[in-house]
Amino acid sequence: MFTKRNFFCALVALTTACAFGSASAQEAENSLARVQRTKVLRVGAVAGAIPYFAKDISSGKWEGFGPDFAESLAQKLGAKVEYVETTWGNAVLDLQSNKIDAMFGMAPTPARKEVVNFSETLFDNTYTVVCKKGIPQKTWEQLNTPETKIVVDVGSSHDQLATRVLPKAEVTRLENSGAATMSLQAGRSDCQILVILLAQPLLAKRASIGTMYIPQPVYTAPVSIGLRKEPDPGMQKAVNAWLTEVRAKGEVRGVILKNMEKLAGVPASSFPPEIKF
């Protein structure tokens, strides 16, 4: 006999199954499908990370080459950008937890590749050394001596490069790039390793701190777009297709140089000719 109790139990079971099915379907939805459905591309943004990201306090508008590239990609996907404030340290977790769809300016390290996907290279960031006054320009091998005091921010790509190419040098590893710069400024270190997009703004603000060199051979760090790791490659393919188009038009270099001048006060003429974006 089909009693009221049986009816109630059946109703609960049906409701639960529908809710579970809906949640499972939402969880299974890949990034590209979600963007196409909602017409919203969620992009991570880091406050104060000039020239990558900068937020206008009064208007709340995001600037930098991260937002410029994000707006271009969103237009290609037929969507608008929704910025989600994050940090470089939390961006990977935000991708994993589906809080954001893309993170511009992320380095594709082996550890990160284990947990998130990456686009093809957006541009290559050249490694430099900013050395205190009086230190002549040298090759990496000439810097690789026990007498040379190098400072880097621990765990960074600068740290990884120092470990790889300067094993004989006296390398000091400090908690962040600012602390490393203070060590250089105080004369405790001879040179700080920095990628050029960080070195140029530093010298634009504090020219007296030292001189920037690009030691030979030239080493670069690839900069990409972090994406959520998922079985469906649709989002990755769509982003790479967009990248191919903007590279063909020469837009990557133009966007970077425009923001370097606008946000960091570094004119295009300040970049050595061997620097390519």
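We're numbering straight along the sequence, starting at 1. These numbers come from a predicted model, not from an experiment.
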Task: F69 and F104 aromatic ring geometry - parallel, tilted or perpendicular at 30°/60° bounds - done: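 It falls in the parallel class, under 30°.
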
Task: Geometric class of the Y83/W62 ring pair [parallel <30°, tilted 30-60°, perpendicular >60°] - done: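 Taking Y83 first and then W62, their aromatic rings sit tilted (interplane angle of 30° to 60°).
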
Please round to the nearest 0.5 Å and tell me the distance separating atom [atom1] of [X] and atom [atom2] of [Y].
X	Y	atom1	atom2	value
D153	L174	CG	CG	8.5 Å
N125	L198	CG	CG	7.0 Å
F118	K229	CZ	NZ	9.0 Å
T128	L202	OG1	CG	9.0 Å
E251	F65	CD	CZ	15.0 Å
Q96	N90	CD	CG	11.0 Å

Linking I/L/V/M/F/W/Y whenever their side-chain heavy atoms sit closer than 4.5 Å, directly or via other members, would [X] and [Y] fall into one cluster?
X	Y	result
L203	I135	no
V84	V81	yes
W88	V92	yes
I150	V218	yes
V246	I256	yes

Taking all atoms of both residues into account, what is the closest heavy-atom pair of [X] and [Y], and its distance?
X	Y	value
S224	E120	OG-O, 3.7 Å
V40	A79	N-CB, 3.8 Å
L41	A70	CD2-O, 4.0 Å
M106	A91	CE-CB, 3.6 Å
D56	S58	OD1-OG, 2.5 Å
E170	P146	CB-O, 4.1 Å

Without hydrogens or angle criteria, can the side chains of [X] and [Y] be said to hold a donor-acceptor pair below 3.5 Å?
X	Y	result
R228	N117	no
Q192	T181	yes
S31	E230	yes
S183	S189	yes
S156	D159	no
N98	R42	yes

Residue pair [X] / [Y], side-chain heavy-atom distance below 4.5 Å:
X	Y	answer
T126	I214	yes
L227	V116	no
M212	V129	no
C191	V151	no
E82	I100	no
L32	D232	no
D68	N259	yes
N144	T148	no

- [ ] Kindly state each residue pair satisfying salt bridge (Lys or Arg N to Asp or Glu O under 4.0 Å) with at least one member in residues 180-203, sequence neighbours excluded.
- [x]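 Pairs touching residues 180-203 that pass the test: K132-D190.
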
Give a yes or no on whether a salt bridge exists between [X] and [Y], defined as a side-chain N under 4.0 angstrom from a carboxylate O.
X	Y	result
K55	E63	no
E245	K76	yes
K80	E71	no

- [ ] Report yes if the distance between the aromatic ring centroids of W140 and Y127 is under 6.0 Å, otherwise no.
- [x]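 Distance test on ring centres: not under 6.0 Å, no.
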
Task: Check: F271 ring centre within less than 6.0 Å of F277 ring centre - done: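 Centroid distance F271-F277: below 6.0 Å, so yes.
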
Between [X] and [Y], is there a donor-acceptor pair closer than 3.5 Å when you use the side chain of the first and the backbone of the second?
X	Y	value
E85	V46	no
R112	A107	yes
Y213	T139	no

Does [X], at its [atom1] atom, have more than 12 non-hydrogen atoms belonging to other residues, nucleotides or ligands within less than 6.0 Å?
X	atom1	result
K205	NZ	no
Q216	CD	yes
K99	NZ	no

- [ ] Please assess T86 against D94 for the test side-chain hydrogen bond (donor to acceptor under 3.5 Å, both in side chains), listing each intermediate value before the final yes or no.
- [x] CA-CA 8 Å; T86 185; D94 288 343; 2.7 Å; yes

Task: Verdict with supporting geometry, Q236 and S119, side-chain contact (heavy atoms from CB on, under 4.5 Å) - done: CA-CA 6 Å; Q236 194 174 37; S119 69; 5.8 Å; no

Open item on the list: For F123, does the six-membered ring have the charged nitrogen or CZ of R247 within the cation-pi criterion, i.e. under 6.0 angstrom from the centroid and within 45° of the normal?
Closed with: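 That pair does not qualify as a cation-pi contact.
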
- [ ] Could you identify which residues cluster with L263, counting Ile, Leu, Val, Met, Phe, Trp and Tyr as linked when any side-chain heavy atoms lie under 4.5 Å apart, either directly or through a chain of such contacts?
- [x]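 ILVMFWY cluster around L263 also holds I50.
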
TODO: Assess whether side-chain contact (heavy atoms from CB on, under 4.5 Å) is satisfied between D124 and V223, documenting all intermediate values.
DONE: CA-CA 6 Å; D124 287 306; V223 177; over 6 Å; no

Open item on the list: Please determine whether side-chain contact (heavy atoms from CB on, under 4.5 Å) holds for the pair I193 and Q160, giving the CA-CA distance in whole Å, both sets of side-chain angles, and the decisive distance to 0.1 Å.
Closed with: CA-CA 10 Å; I193 298 177; Q160 294 171 17; over 6 Å; no

TODO: Apply side-chain contact (heavy atoms from CB on, under 4.5 Å) to C131 and T211, showing your working.
DONE: CA-CA 5 Å; C131 299; T211 305; 5.8 Å; no

